[in-house]
Engineer: 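Before I ask anything, let me first share the structure, which is written out below as C-alpha cells.
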Amino acid sequence: MDELKTQAAIAALNRIMELELAGVVKYTHYSLMVYGYNRIPIVSWLKGNADESLAHAHKAGELVTLLGGHPSLKIGPLLETEQHDIGDILHESMEHEKGALAAYYDLLKIVEGHSVLLEEYAREMIVSEELHQDEVNKMLRRPGDTAAFKG
C-alpha cells in the first residue's frame with residue numbers, strides 16, 4: 001500500500017480499536033445492571049461480548065503496529081442512558097454494533113485491492129459483527145416471531 005492508504009488504514013484501525021474498547025466498557029456496565037429471573041445467562045452473554053470486544057480491540061491495535069502506526073489511547077463514545085431494562089440494553093447494543101460494523105466496512109473500502117491481509121481481516125470482522133447483530137435482533141423479537149425485529 002502507498003503511504004496515503006497506509007495512513008488511512010491506520011486511522012480506520014484506530015477508530016475500530018476505540019469503538020471496540022467502548023464496547024468493553026458498555027458490555028461490562030450492562031452486565032452489572034441486569035436484574036431479574038434471567039440474570040445469570042444474560043450477564044454471561046454480556047461478559048462474553050465484553051471479552052470479544054477486548055479481543056477485537058487488541059487485534060486492531062496489532063494491525064496498527066504492523067503498519068507502523070501508534071495505537072490510540074482513546075475510547076469511543078460512552079453514553080449513559082440510565083435505561084437498564086434488558087430491552088433497552090439490547091437496543092443500545094444494536095446501535096453500538098451498527099457503528100462497529102460501519103467502521104469495518106470503512107476499513108474494507110480503504111484497503112480493498114491494496115492489502116489481502118487487511119481485506120481478509122475486515123471481511124472476517126464484518127461477518128462477526130453481522131452475526132452478532134443477528135443474535136441481538138433475535139433477542140429483541142417476541143417469542144414465536146420469525147420476522148426480523150425492526151425498531
Side-chain angles (χ1 to χ4, degrees), residues 1-34 42 44-141 145-151:
M1 281 194 307
D2 65 28
E3 187 60 25
L4 192 59
K5 285 279 184 197
T6 299
Q7 291 307 312
I10 289 169
L13 286 163
N14 269 324
R15 176 74 180 130
I16 287 166
M17 189 174 164
E18 292 167 9
L19 287 169
E20 293 290 3
L21 288 173
V24 173
V25 174
K26 288 176 183 183
Y27 285 120
T28 299
H29 174 77
Y30 297 155
S31 75
L32 297 169
M33 298 308 299
V34 174
I42 294 170
S44 177
W45 181 78
L46 290 166
K47 284 180 177 180
N49 285 329
D51 292 343
E52 184 178 272
S53 289
L54 183 57
H56 290 177
H58 190 265
K59 178 88 177 205
E62 287 289 355
L63 291 170
V64 167
T65 60
L66 176 143
L67 294 173
H70 186 271
S72 175
L73 280 173
K74 297 177 185 173
I75 296 177
L78 296 170
L79 298 174
E80 173 57 72
T81 63
E82 303 291 335
Q83 304 299 313
H84 299 113
D85 176 81
I86 300 303
D88 295 327
I89 288 171
L90 290 173
H91 284 285
E92 288 180 31
S93 173
M94 182 69 87
E95 290 307 308
H96 173 75
E97 295 300 328
K98 285 178 183 177
L101 181 61
Y104 286 112
Y105 270 109
D106 289 344
L107 174 64
L108 181 59
K109 285 180 202 163
I110 293 166
V111 301
E112 205 163 25
H114 301 284
S115 169
V116 172
L117 170 73
L118 293 175
E119 269 187 60
E120 291 302 312
Y121 162 75
R123 291 178 196 284
E124 175 187 327
M125 299 310 297
I126 287 167
V127 168
S128 176
E129 295 296 336
E130 286 185 354
L131 288 172
H132 190 257
Q133 277 189 10
D134 178 60
E135 196 173 58
V136 173
N137 185 285
K138 288 175 181 171
M139 291 172 76
L140 284 165
R141 296 178 200 176
D145 285 353
T146 57
F149 180 82
K150 297 182 193 325

Engineer: Please report the shortest heavy-atom distance between Ala100 and Leu19, naming the atom on each side.
Structural biologist: CA-CD1, 4.1 Å

Engineer: A side-chain contact here means heavy atoms from C-beta on lying under 4.5 Å apart; do Asp106 and Arg15 qualify?
Structural biologist: no

Engineer: Would you say the side chains of Glu129 and Gln133 form a donor-acceptor pair under 3.5 Å?
Structural biologist: no

Engineer: Please report the closest heavy-atom contact between Ala22 and Leu78, naming both atoms and the distance.
Structural biologist: O-CD2, 3.7 Å

Engineer: Would you mind checking if Glu135 and Lys138 are paired as a salt bridge, meaning a charged N to carboxylate O distance below 4.0 Å?
Structural biologist: no

Engineer: What distance do His56 atom NE2 and Met17 atom CE have between them, rounded to the nearest 0.5 Å?
Structural biologist: 14.0 Å

Engineer: Rounded to the nearest 0.5 Å, how far does OG of Ser72 lie from CD1 of Ile10?
Structural biologist: 12.5 Å

Engineer: Could you walk me through whether Glu62 and Lys59 pass the salt bridge (Lys or Arg N to Asp or Glu O under 4.0 Å) check?
Structural biologist: CA-CA 5 Å; Glu62 287 289 355; Lys59 178 88 177 205; over 6 Å; no

Engineer: Quick one: which of His132, His96, Lys26, Glu97 gives a side chain to side chain donor-acceptor pair (under 3.5 Å) with Asn49?
Structural biologist: His132

Engineer: Please report the shortest heavy-atom distance between His70 and Asn14, naming the atom on each side.
Structural biologist: O-ND2, 3.2 Å

Engineer: Over all heavy atoms of both residues, which pair between Tyr104 and Ala122 is shortest? Give the atoms and the distance, please.
Structural biologist: O-CB, 4.0 Å

Engineer: Is any side-chain heavy atom of Val111 closer than 4.5 Å to one of Tyr121?
Structural biologist: no

Engineer: Rounded to the nearest 0.5 Å, what's the gap from CG on Leu13 to CG on Leu67? Could you check?
Structural biologist: 6.5 Å

Engineer: Looking only at heavy atoms, what is the nearest atom pair of Leu140 and Gly87, with distance?
Structural biologist: CD2-O, 4.0 Å

Engineer: Say you draw a straight line from NZ of Lys150 to CZ of Arg141; how long is it, rounded to the nearest 0.5 Å?
Structural biologist: 9.0 Å

Engineer: Set out, in order, the CA-CA distance, both residues' side-chain angles and the distance that settles side chain to side chain contact (heavy atoms under 4.5 Å, CB included) for Glu92 and His84, then state yes or no.
Structural biologist: CA-CA 10 Å; Glu92 288 180 31; His84 299 113; over 6 Å; no

Engineer: Once rounded to the nearest 0.5 Å, what's the spacing between atom CG of Leu118 and atom CD1 of Ile110?
Structural biologist: 10.0 Å

Engineer: So does Lys47 have more than 12 non-hydrogen atoms from other groups sitting under 6.0 Å from NZ?
Structural biologist: no

Engineer: Carefully, step by step, assess Tyr27 and Glu52 under the rule side-chain hydrogen bond (donor to acceptor under 3.5 Å, both in side chains).
Structural biologist: CA-CA 10 Å; Tyr27 285 120; Glu52 184 178 272; over 6 Å; no

Engineer: Tell me if a side-chain donor or acceptor on Ser93 pairs with a main-chain N or O of Ile89 at a distance below 3.5 Å.
Structural biologist: no

Engineer: Check the pair Leu54, Glu20 against side chain to side chain contact (heavy atoms under 4.5 Å, CB included), reporting the backbone distance first and the verdict last.
Structural biologist: CA-CA 7 Å; Leu54 183 57; Glu20 293 290 3; over 6 Å; no

Engineer: Side chains of Asp88 and Tyr30: closer than 4.5 Å at any heavy-atom pair?
Structural biologist: no

Engineer: Where do Ala60 and Ile16 come nearest, in terms of heavy atoms and distance?
Structural biologist: CB-CG2, 3.9 Å

Engineer: Where do Leu90 and Phe149 land on the side chain to side chain contact (heavy atoms under 4.5 Å, CB included) test, with the steps shown first?
Structural biologist: CA-CA 12 Å; Leu90 290 173; Phe149 180 82; over 6 Å; no

Engineer: How long is the gap from CD on Glu112 to CG on Leu107, to the nearest 0.5 Å?
Structural biologist: 10.5 Å

Engineer: Are the side chain of Ser31 and the backbone N or O of Thr28 linked by a donor-acceptor pair below 3.5 Å?
Structural biologist: yes

